[in-house]
Amino acid sequence: MNIFVVNSGSSSIKYQLFRWPAEQPVCSGLVERIGSEQATIRHKVFDPQAPEGNPPTEQFHTLPLPDHEVGLREVVRLLTEQPGGVIQDPGEIAVVGHRVVHGGEVFAATALITEEVKAEIKRLFVLVPLHNPANYLGIEVAERLFIHAQQVAVFDTAFHQTMPEYAYRYALPTALYEEQRLRKYGFHGTSHQFVAAQAATYLSQPDARLITIHLGNGCSMAAVRGGRSLDTTMGFGPLGGLVMGTRSGDIDPSVLLHLQGQLGYSAEQVSTLLNKQSGMLGLAGSNDMRDIGQALAVGDARATLAYDLYCYRIRQYIGAYTATLNGLDAIVFTAGVGENDAMVRARVCQDMEFFGLQLDEVKNQERAPGLRDLSGPDSKVRILVIPTSEELEIARQCAQLLANE
Ligand code: ADP
């Protein structure tokens, strides 16, 4: 069976095709700058016979793509035509798994897409005006192009629907929750679920108390016990919690009141400031940890402060979530920064003996694919690096859903 995973953004489409039940990635790609004359498609085909780590065969095209429909049609052409084709006909795709950012309180699990489910996703547009409409568009286009496939929605918020009410509510008037659904939802659920499941298997401890630390462009942490999320750092939207590439993370709401009330910022300007100009970019002038790491190595003061602040916030949440979980069996680093940046891991684990964390610095510096255990001999808590794959988790959820149908 072929499972096709689609992550449709406002001007991009990320995709990956898997053969099931082998969980074998066949090809993946990224369409960018949809809506422009100079849109691009990067299409990669994996050779199942090649040894692990071998680069895939890659094609790169620049072309005009007025909208998502034309973009996805081009992807279908790449999937079906040589060179780079992996199927004969779109009818060979049995399932299309869609990443949907917001499932609100309605979707605590993956759902087969029906007209009712689509209407519900639409109703959630007000909560995430930047994301759900783009995801919805991807669904509609895929329904037209893969007419024989079952369409499935996998929600970024669903995994966190297990949080207890005292963790997800804000201390605001009750009516704002009951009438406007103002509460913590949390995001990156697919990634937290994926690495938490692998960590529990590795530890042979289904009930493991885990803190999963997703550090990509967006960053979040989750407290997970027995495969259930008990708390997470992002909230109503993806701005809360950790310092990110360009997002501020936690901030006293008084700052926003001051910006708007005294400094003349409009709501839109505040949004741009918090989403696009803050975080590591605001502190150190770059949102790429590789640049900041280089600046740090030559003693740049702004980079040093940015690194300290970034890691300090993670350490604080390790403390907080150890309390949430009443103990700790492992912490898991994942995503671009978590998987690659040894310095971040070292700073996070430094002076954390009280929490039972002791990092093996030699293992921390080694590079290897797959799960890595970086715990030192005296570490009471395991320190793991687990590469995330949101696409594979989406495909797994699709397969599971259909098996249970
Ligand atoms: P996304 O959240 O978009 O999925 P990723 O998980 O791919 O992002 O993470 C992207 C970030 O990972 C980049 O902005 C960069 O800061 C960081 N990154 C990638 N490779 C490295 C590396 N070798 N060292 C440090 N940071 C890295």
Side-chain angles (χ1 to χ4, degrees), residues 5-16 25 28-33 42 44 53 55 99 101 128 130-131 134-135 154 156-157 186-195 212-222 232-234 237-249 275-298 300 302-304 306-307 309-311 313-314 332-348 364-369 372 374 385-394:
V5 175
V6 175
N7 181 353
S8 170
S10 56
S11 66
S12 69
I13 302 171
K14 241 171 140 176
Y15 61 89
Q16 190 155 353
S28 71
L30 177 63
V31 187
E32 285 184 294
R33 279 189 252 130
R42 192 177 293 278
K44 299 180 187 174
R99 176 192 182 221
V101 168
V128 268
L130 289 179
H131 295 101
N135 305 150
V154 181
D156 237 23
T157 48
F187 299 88
H188 291 146
T190 316
S191 176
H192 289 293
Q193 186 169 13
F194 181 76
V195 297
T212 49
I213 311 172
H214 177 109
L215 306 174
N217 283 313
C219 301
S220 69
M221 288 167 63
T232 188
T233 54
M234 283 178 172
L239 276 174
L242 303 181
V243 176
M244 317 188 199
T246 62
R247 294 186 216 137
S248 62
N275 279 296
K276 303 210 168 116
Q277 299 167 341
S278 298
M280 296 308 262
L281 180 66
L283 288 168
S286 167
N287 59 339
D288 194 310
M289 283 305 242
R290 287 163 287 203
D291 299 341
I292 302 170
Q294 278 175 8
L296 182 78
V298 295
D300 182 277
R302 292 205 310 165
T304 307
Y307 241 85
L309 213 159
Y310 184 93
C311 297
R313 189 74 56 82
I314 298 170
V332 183
F333 288 98
T334 193
V337 180
E339 291 165 30
N340 295 300
D341 198 320
M343 194 145 43
V344 163
R345 294 191 299 256
R347 283 187 179 218
V348 167
N364 186 36
Q365 294 295 339
E366 284 166 5
R367 290 190 161 269
R372 291 190 287 150
L374 313 182
V385 174
I386 303 182
T388 194
S389 173
E390 284 165 285
E391 289 78 16
L392 179 56
E393 179 64 28
I394 290 173

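For ligands, and for the atoms within them, numbers begin at 1 and follow the listed sequence. Everything quoted here is computed from the prediction, not taken from an experiment.
Near Gly218, meaning under 4.0 Å from any of its heavy atoms, are these atoms of ligand 1: 2 (O). Those atoms of ligand 1 with a heavy atom of Ala335 less than 4.0 angstrom away are 6 (O).
Distance from atom 15 (C) of ligand 1 to its nearest protein heavy atom, with residue and atom name: Asp288 OD1, 3.5 Å. Considering only non-hydrogen protein atoms, atom 17 (C) of ligand 1 sits nearest to Val337 CG2, 3.5 Å. If you check which protein heavy atom lies closest to atom 6 (O) of ligand 1, you get Gly336 N, 2.9 Å. Of the protein's non-hydrogen atoms, Asn340 CB, 3.3 Å is the one closest to atom 22 (C) of ligand 1. Given atom 14 (O) of ligand 1, the protein heavy atom at minimum distance is Asn217 OD1, 2.9 Å. In this structure, atom 24 (N) of ligand 1 lies nearest to the protein heavy atom Arg290 CG, 3.5 Å.
Partners of Tyr307 by ring-ring contact (aromatic ring centres under 6.0 Å, His included), not counting sequence neighbours: none found. The salt bridge (Lys or Arg N to Asp or Glu O under 4.0 Å) search around Arg99 returns Asp156, not counting sequence neighbours.
At a 4.0 Å heavy-atom cut-off, ligand 1 touches Asn287 through the backbone alone.
Comparing Met244, Met289, Met343, Lys14 against atom 16 (O) of ligand 1, the shortest heavy-atom distance belongs to Met289.
Between His188 and Thr232, the side chains place no donor N or O within less than 3.5 Å of an acceptor N or O (distance only, hydrogens not considered). A donor-acceptor pair shorter than 3.5 Å cannot be found between the side chains of Gln277 and Thr246.
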